[in-house]
Amino acid sequence: MDSSVVFNIVTTGIAVVAVVTSVVFSARQARIAKHANHISVMIDLLAEFRSVEFHDQHDYVTQRLGAENDPAAGVRGLPAEPRAAFYSVVYYYQSFANLAVFGLLDETLLATVLRTRIVSVWQAVRPFVERERELRGEAGGGTYMSIFEELARLAAELPPEHVRDRMTENRRRRPRALS
């Protein structure tokens, strides 16, 4: 075999390895960038959890809203303070759901992290939302809080051990630190 043929085969092989390596690293970088977006959004939205006022409103919505208020007038018929608690808590979770719909946040990650809270809020506000949909009629009533409702459905379908299983799975995938 001529030395120029060997040289061409070797250089072609090196070029193929370089292209494959570039593609692999590019795909990995895109995946890392996507996860970085998820992390910053989650951190920003979860900052609300540091607020005592949010927790008080969350407790009110999940424990007292239905007991103290009749859903017959819908959301708009709630007195000022219960309505403020409703909007603060429900639209907080609706924000997460909206980001998931547009692919800016992984809905499974979201439903995993906030599973119990999302489900309990939806159960508490469902009668108010359903009545509000009726009151709004055809002009948008059917879609009122539908994204949050879908997120709550997804969260409710996740088994309680889902968080533990995901953590175990992530531990298995992580490379062991070199000793």
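Counting from 1, the numbers follow the sequence of the chain as shown.
Shown here are the side chain to side chain contact (heavy atoms under 4.5 Å, CB included) partners of V17, two or more places apart in sequence or in another chain: T21. The side-chain hydrogen bond (donor to acceptor under 3.5 Å, both in side chains) test applied to Y92 returns no partner, not counting sequence neighbours. Qualifying side chain to side chain contact (heavy atoms under 4.5 Å, CB included) partners for E53, counting only residues two or more places apart in sequence or in other chains: S51, Q57. A search for side chain to side chain contact (heavy atoms under 4.5 Å, CB included) contacts involving D70 returns A72, not counting sequence neighbours. Not a single ring pair (Phe, Tyr, Trp, His ring centres under 6.0 Å) links F128 to another residue, sequence neighbours left out. Applying the side chain to side chain contact (heavy atoms under 4.5 Å, CB included) criterion to T62, with sequence neighbours excluded, gives H58, S120, V121. E68 pairs by the side-chain hydrogen bond (donor to acceptor under 3.5 Å, both in side chains) definition with Y60, R64, not counting sequence neighbours.
One finds a salt bridge joining E134 and R131 here, because a Lys/Arg side-chain nitrogen approaches an Asp/Glu carboxylate oxygen to under 4.0 Å.
The CD1 atom of I9 sits 12.5 Å away from atom CD1 of I14, with the distance rounded to the nearest 0.5 Å. Between the CZ atom in F96 and the CG atom in L114 there is a gap of 5.0 Å [rounded to 0.5 Å].
Between L65 and L78, some side-chain heavy-atom pair lies under the 4.5 Å cut-off. You'll find the side chain of Y91 reaches within 4.5 Å of the side chain of M145, heavy atoms only.
Listed by first then second residue, pairs satisfying ring-ring contact (aromatic ring centres under 6.0 Å, His included) with a partner in residues 106-126 read W122-F148, not counting sequence neighbours. Among residues at least two apart or in separate chains, salt bridge (charged side-chain N to carboxylate O under 4.0 Å, His left out) pairs with a member in residues 114-127 are R126-E130. The side chain to side chain donor-acceptor pair (under 3.5 Å) pairs that include a residue from residues 145-158 are R133-E149, E150-R153, R153-E157, where partners are two or more places apart or lie in different chains.
In this structure, V119 stands alone, with no Ile, Leu, Val, Met, Phe, Trp or Tyr side-chain heavy atom under 4.5 Å from its own, directly or through other members. Applying the 4.5 Å side-chain rule to ILVMFWY residues, one finds that V52 remains a lone member of its cluster.
Both Y87 and V61 are part of a single hydrophobic cluster, where members link through side-chain heavy atoms under 4.5 Å apart. Cluster annotation: L135 and V129 are assigned to distinct hydrophobic clusters (Ile/Leu/Val/Met/Phe/Trp/Tyr, side-chain heavy-atom contacts under 4.5 Å, transitive). Criterion: ILVMFWY side-chain heavy atoms under 4.5 Å apart, direct or through other members. Under it, F54 and L99 are part of a common hydrophobic cluster.
Pairing each heavy atom of A152 with each of I118, the nearest pair is CA-CG2, 3.5 Å. Heavy atoms only, all atoms of each residue included: I147 and A97 are closest at CG2-CB, 3.3 Å.
Remark: E81 CD is loosely packed, at most 12 non-hydrogen atoms of other residues, nucleotides or ligands lying under 6.0 Å away.
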